[in-house]
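In this text, all values refer to a predicted model and were calculated from it rather than measured experimentally.
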Amino acid sequence: MQKSIALGADHDINTDLLRPLCETGIGWYSIATISGLVLLAAVGAFGYQLYRGIGVWGLNRPVMWAFDITNFVFWIGISHAGTLISAILRVTGAEWRRPVTRCAEAITVFALLIGAMFPIVHLGRPWLFYWVAPLPNGRGLWPNYRSPLVWDFFAINTYLLGSIIYLYIPLIPDLALVRDRSKGLKRKIYGMLSLGWWGTQRQWQRLEKAVQVMAVIIIPVAVSVHTIVSWDFAMAIQPMWHSTMFGPYFVAGAIFSGIAALILAMAVLRKVLHLERYLKPVHFNNLGLLLLTMSLIWFYFTFAEYLTTWYGNEPAEKVIFQQKVSGPFSPMFWTMVTLCFVIPVVVLGFKRSRTIKGTVIASAGIVVGMWLERFLIIVPTLSHPRMPFNWGSYRPTWVEVTLLTGTFGYFVLLYCLFVKVFPIVAVWEYKEGLATRPAEVKAAAAHGD
Amino acid sequence: MPRLLLFGFLGVVVCAASGFVLLELSNTSAPAQPIAFDHWQHVTKPDGAQLECTFCHEHADKSAHATIPNTDTCMGCHQSIKTESPEIQELADYADRHQQPPWKRVYWIEAEANEFFTHKPHIRASIECETCHGAVSQSHTVKRETNLTMGWCVDCHKQRGASVDCYVCHR
Amino acid sequence: MPEEKAQQKPQWAMAIDLDRCTGCEACVVACGVENNVPSVGPAEAARGRAKVWIRIERYFEGEYPNIRARFRPVMCQHCEEAPCETVCPVYATYHTEEGLNAQVYNRCVGTRYCANNCPYTVRSFNWFDASWDAPLDKALNPEVSVRGRGVMEKCTFCIQRIRKGEDKARDEGREVRDGDVVPACVQSCPATAMTFGNIADPSSQVAKLAKSNRATRLLEELGTKPRVIYLSKS
Amino acid sequence: MKRREFIILTGIGATTASMLSACGHPENKLIPALIPDDQYVPGLDYWKASSCALCEEGCGILVRTREHKANKIEGNLNHPVNRGGICARGQAGLQVLYAPDRISGPMKSTGQRGSARFEPISWDEATRLLAGRLQSIKEAKSDSILFATRYPHGVNRVAAMLLGDMLEGRLMWTDSRMIHDLGASYDETYGAPQPIFDIARASYILSFGARFLETWRSPMRYSKAYGEFRGSQSRGHGKFVQIEPRMSLTAANADEWIPARPGTESLLALALGAVISREKLVKADALPAFLSAPLERFAPEDVANQIDIPADVIIRLAREFAGSERPVALPGTEPHDTSSPATIAVKYLNELVGNRDKPGGVYYSTSWINSFDSVLHKIPRATLAKASTATNGLKDKGPLSAAAQAGRDAASSPAAFLLDANQVGALLVHHVNPVYTNPEVLERVKATPFIASFSCVMDETTQLADLILPDHTYLESWDVKPAPGVDPQSAAISILQPVVVPELDTRQTADVLLAVRSELGGAADLPFDSAESLVKHTIAELSKSSASGRPSTTTEDTTDEPVQHALERGVLIVPAGAGRSTEPAFDSKSNTASRASKIEVPESPATTGESALTLISYETATFGMGGEAHLPVLQELPDPMTSVIWGNWVEISPQTAAQHGIADGELVEVSTEWGSIQVPAIVYPAIRSDVIAMPSGQGHTAFGRYATGLGANPALVQRGKQIVEAKISGTGKKAAVVRMGTMEREHPDLKR
């Protein structure tokens, strides 16, 4: 493999892409501060929850899960951005992926960190979360391997570990690049992080190999994770939870919301970090097409799910169906359908509106819509148990709302810190792309402009 | 600033760790009792009273609690025996005032374990007191000799074929 | 070997004659007092946090003036195939050898998954620490845990009374007999609608009632095999 | 410090090791093993037998105590009334004992009346104050003294009578409204305060608003009997028909519910009688004299409109009832305006089907009350005899006769007495709360020169008191009371005895009254000096009488053993001696026939105005007249029909709700000619559209932390009447109504 790009261009790209690491603008500070404060509020809310008890949430009998598990599923879903874009595109060798991959992989890790928090946060006694882990203990007790929550524990940890590795491996050459351009303590740290990368032929070969292997491994892991998350519901016997379709339905929904989140993240990065040269309209166009596909798939699943429920006419399910479609949850339900299907299809279906702005608008709607989708899976079922005497309702408290907004603050903050420390566009991959398929890239660039 | 944070964090960790250690230590320590009662003297001493455990801990075979005897029981004998001892005089003072010495409990299980240990079935199954309480009869001061962890209880239950159903103890 | 052992253990079950049940709710208070189920107060109750281990479900049927009301006491059904048991990640709820669906408070981490998977909605969660204004706490049953916050709780078929009954039988050197164990709700029932006993013993009252042609089980179609038998209104 | 809390604290970085090591384990405290008590083993349950006093019935209870604290109340299997069962209210008794807002000791008012400012005083001072006050009234020779009690039986009664003797007839005596009305109507029509309706063996129960599963006379006794009625497989299932304008819990258990217009029960009973008579369904040994001409006036075709039940339904009911093997009709006892005629009419119906003294019918037995009265009241009567007062039976006894008469005729309740009596110099309230149950007496009460309250909790009337002498709760008291209507052959005497040492510095009212009596110079010649010794004395006497088969006349020679035995069982069964009373309990020819003809045909309540509704209030099984509203366990017990907790409501039919534009859970205003109250509306599918119904027992303005300010008090707009004309209008505001279950149907009928 030849690295024969003109030194000047190479230098330019390096400087360009590493600029966020050296220069810190007012934009970064304000975003980091705001997101940090939002996160801090959520931490405070969690502290209050720990101090008072989980009763500070709006949960009740029969609605024992609501925002907590909605957030959990939502963020685990968002985390699927990294896998698909990066791994699938890598495996299939889609060239346009190059500036996008790291951005996506970072989303995976951050969203997972946030999502995986919720099963702990939502516990009645969060300080005992480690009992779910198979740790040897004086009581001689083990977790219950029949419980989907234990499967979750393993699946999410596997996925998190895999995602971190998958984020890290392609980061190594760039870390070395940063190391080479810095000095002092910073150089030492980056030196340690880059694991002695000197860019030898053997190292490049091994890197490529590792990335490829990880890409192949991470796809089934990602699919299994959200399938297992869906089984939290599907394994239960509650009406409109006990569905065989939930695995693929959730995976599709996860990828759907993940791409939307990725588009939003890219748009923000593009603006804030001035990456217009790298994140081009073509990327948004391509991702927009993917999003359109996922929207159609999502709608297909949703339609199939609701049609079979309606046609089957099973009394317990019918109640929940009605609650969603025409009952008190119907405003949320139809908002969801509009945000996840109507708007995306209209906006993304036409090339003219599949612009950066268009995809961002569609994506923002989808992120909200997909949060609603998870909420609508959880709450109507729980609030309408089989015996109507026990029907209830649910209203969130400020603690839950603060925790939800806090997750976004956390996400943004993590991203801010990440772009401060690591190049958000994979420098070597980008350059590799320029080297191997300059024509294609040029064509793409021309198309985008 | 980061250094301060680091130290702060370390400080919390150290405090927490030492807290746990202290917690564990306090579990096994022998608390200082208001009157230096000597089990050996009452139970084992060759020319002593050679009492049965249930002579004083009289409810062990019928109740959840073995119970510590009240001063009336003590004074039953010590009205006339060894009245010259300052410890006995102190005991007599308590008895005169109709008070009980503030004995410190040596064995207990944390309330949050939701555990309902009952002496009675253990006595019924002829478990020796010393199985759980150690060689009290040989000791001059009582200290906690077993930690009463759940695994320890369960092991014994398993060995003896007693039920290990959670509902036997926890409810 | 373990199977045989389980066979020897009594298999607790309850039969409720809906013909006799008047819906008076004496059992609800009996249960609350026996099991230290706290009153949560109007504010918490308004948020749907009132705690009960047994409730009387009242359903109206028909329209005025030919309207009827039916009552059904519902407590933990102690399902043989309990949906709550499989989903608990830490075995805080599990099936005992005596056929009870047990809830071990100190093992519970509070995922609430069990409650979500209970088709009968019989599980209550401790959103906050339970409290009693002094001196109401003096009336607490010392044989039952006061549950702290963050744990699930539900009907135990009065496990403490089962243990006492068994203890008594063992003191007398015999097997547990019908009538040795009477849960608080059964004890209080003014119309004698409830019967409790060992369903594995064919001579027990509850085993006989279970064979009645009026015997039904709640949401039988779910296959949870409840241990509470309802004798339907005839 | 608990480990959990510890972890939380470290988690937020706010703990130190020193803090931790300083904290002890609460578990580290020794269990209370050190109490020098030979009898007592820590960790073991001690069951103590006593009796419940939360309603008039007196069910036998067993109280489980551990470490000298009561922790459970269960029904006493040996007690013939409840046979082991116990109702919701009875089990809440522990909270009566441990109520946080109990008055902890005697107090006297320091501020103006109603300022609710009190200062603690000693019992000696309290007794002296009361005695001095009573003495001065006695000397003034003008005013009377009203002792209003919830418990008309037992030691308090004896003590009050003895005290009354000292006060030369100035002590007037009433008990709470419900009980007295019961006594009144039954005395006259049945010849016994509590005839026994043998519903267990009946094959057809026709209840005219008798809510026997909730409140009526003995919810426990009749619930047990109801269970047997339903459980009798061999006899086939009987039928149970309930006639009531609003579906109560009892009606909900009926096989058929007849929503007759309120106040038309007597009319319906007579209409049924008319059918039975004209179709010659009268049983052979029924009294022909009943079938007199007036009955034809009540032909169903003529009165169906008034009752608002189709004539063919009435005819069918009559045929079913008379055709059934063992029919029994139950009179409602709610003191409706028309309850007395209804009671007579129902009795008439029973006579028509000839179920008297038959299995599944009505037993009229008075023997138990003779036995009880003659023994318990022999003592004070003997004393009174010395004071040269007429002692010819309790009712006619001098000092009390005035009150008894007043209570019987003109004024049947403390409230009515207060309104009617000219001068009440002192009001002594004992577990009654007239200001709450009859708010119309507020001004009269306020104007009373002296008020002493024996209440356990600061209630509306006690707030106005000058002197508070808190009584023990029933779980700390000694008492005996007859358990009426057990069976015709024997009487049960429920025994109350302390199951725990008194929680607070309270004193049993009987002891206080006896102390006041001696303060006033009462002779110390009684065979007892306290409630305890009176109870033991009474048990000893009754044991002797049960041994000899008839009441004994000697008061000495009490052996301890039967007393001990009775105290352990908590109940004493006394054979009726001569068995059933020999003479007919009531003379049908002379009495009922004439009364039946005198039954006035009730005017149909106003149905002319579109908006005119009938407001009825009813007692609930849990709160009764509101005396137990301060118990959180009952407040959080859902109403069985509406599932409402922590508050009350007004029930309106869906039709009326739609007509007035009222939504379920909306705050509405209920107004009558006496005022209006705001209360949440519950759209209730099982109530007549011209009726709105409200449960009593809530709406306290002072009654401990749990009851105060909850709900509305229907008595405010009812003036002591159970049925009044009312208007209802929505306020558009959502009410804070808390429910523990929905009103949904079990199988919701959803459109596809």
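- The shortest non-hydrogen separation linking C:V109 to A:W131 is CG1-CE3, 3.6 Å.
- A:R61 CZ to C:R112 CZ: the interatomic distance, rounded to the nearest 0.5 Å, is 14.5 Å.
- For a residue to count as touching a neighbouring chain, one of its non-hydrogen atoms must lie under 4.5 Å from one of that chain's; by this rule A:F153 does not touch chain C.
- Taking C:V74, C:N126, C:V151 one by one and counting their heavy-atom pairs under 4.5 Å with chain A, the maximum is reached by C:V151.
- Using a 4.5 Å cut-off between heavy atoms, A:W231 contacts chain C through its backbone alone, with no side-chain atom that close.
- Heavy-atom pairs under 4.5 Å with chain C were tallied for A:P385, A:P126, A:P388, A:P119; the largest tally goes to A:P388.
- Listed here is the closest heavy atom pair of A:N60 and C:G48: CB-O, 3.5 Å.
- Within the model, atoms OH of C:Y120 and CG of A:N390 stand 12.5 Å from one another, a figure rounded to the nearest 0.5 Å.
- Ranked by non-hydrogen atom pairs under 4.5 Å with chain A, the options C:A115, C:A92, C:C88 are led by C:C88.
- Contacts between A:L59 and chain C at a heavy-atom distance below 4.5 Å involve backbone atoms as well as side-chain atoms.
- Annotation: the span from A:I237 atom CD1 to C:L222 atom CG amounts to 5.0 Å, rounded to 0.5 Å.
- The choice from C:N117, C:N116, C:T111, C:T86 that makes the most heavy-atom pairs within less than 4.5 Å of chain A is C:N116.
- Contact count versus chain A (heavy atoms, under 4.5 Å) is highest, among C:C118, C:A50, C:G110, for C:G110.
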>> Working note: C:R55 + A:F389, criterion side-chain contact (heavy atoms from CB on, under 4.5 Å); need CA distance, chi angles, decisive distance, verdict.
In response: CA-CA 10 Å; C:R55 63 170 180 269; A:F389 187 76; 4.0 Å; yes
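- Within the model, atoms CE of A:M235 and OH of C:Y113 stand 8.0 Å from one another, a figure rounded to the nearest 0.5 Å.
- Contacts of A:P239 with chain C are absent, with no heavy-atom separation under 4.5 Å from either backbone or side chain.
- Heavy-atom distances place no part of A:S383 under 4.5 Å from chain C, backbone and side chain included.
- The cationic atom of A:R52 (NZ for Lys, CZ for Arg) lies less than 6.0 Å from the six-membered ring centre of C:F128 and within 45° of the ring axis.
- If you measure heavy-atom distances from C:V52 to chain A, the contacts under 4.5 Å come from both the backbone and the side chain.
- Within the 4.5 angstrom heavy-atom criterion, only side-chain atoms of A:L382, from C-beta onward, approach chain C.
- For C:P119, the parts lying under 4.5 angstrom from a heavy atom of chain A are both the backbone and the side chain.
- Crowding of A:R395 atom CZ: a count of heavy atoms from other residues, nucleotides or ligands under 6.0 Å not exceeding 12.
- The greatest number of non-hydrogen atom pairs below 4.5 Å with chain A, out of C:M152, C:K51, C:R47, is found for C:R47.
- Residue C:R58 touches chain A through both its backbone and its side chain, counting heavy-atom pairs closer than 4.5 Å.
- Listed here is the closest heavy atom pair of A:M387 and C:L219: CG-CD1, 4.5 Å.
- For residues 63-71 of chain A, a heavy-atom distance under 4.5 Å to chain C picks out A:M64, A:W65, A:D68, given by residue number.
- When all heavy atoms of C:T121 and A:P62 are compared, the closest pair comes out as CG2-CB, 3.8 Å.
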> What do the steps show when you test C:Y94 against A:N144 for side-chain contact (heavy atoms from CB on, under 4.5 Å), and what is the final call?
Replying inline: CA-CA 10 Å; C:Y94 72 100; A:N144 177 8; over 6 Å; no
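- Only the backbone of A:W142 comes within less than 4.5 Å of a heavy atom of chain C; no side-chain atom from C-beta onward does.
- Atom CG of residue A:L141 and atom OH of residue C:Y91 lie 10.0 Å apart, to the nearest 0.5 angstrom.
- Separating the CG atom in A:L50 from the CZ atom in C:R149 is a distance of 7.5 Å, to the nearest 0.5 Å.
- Of the listed residues (A:W57, A:F129, A:Y145), the one with the most heavy-atom contacts under 4.5 Å to chain C is A:W57.
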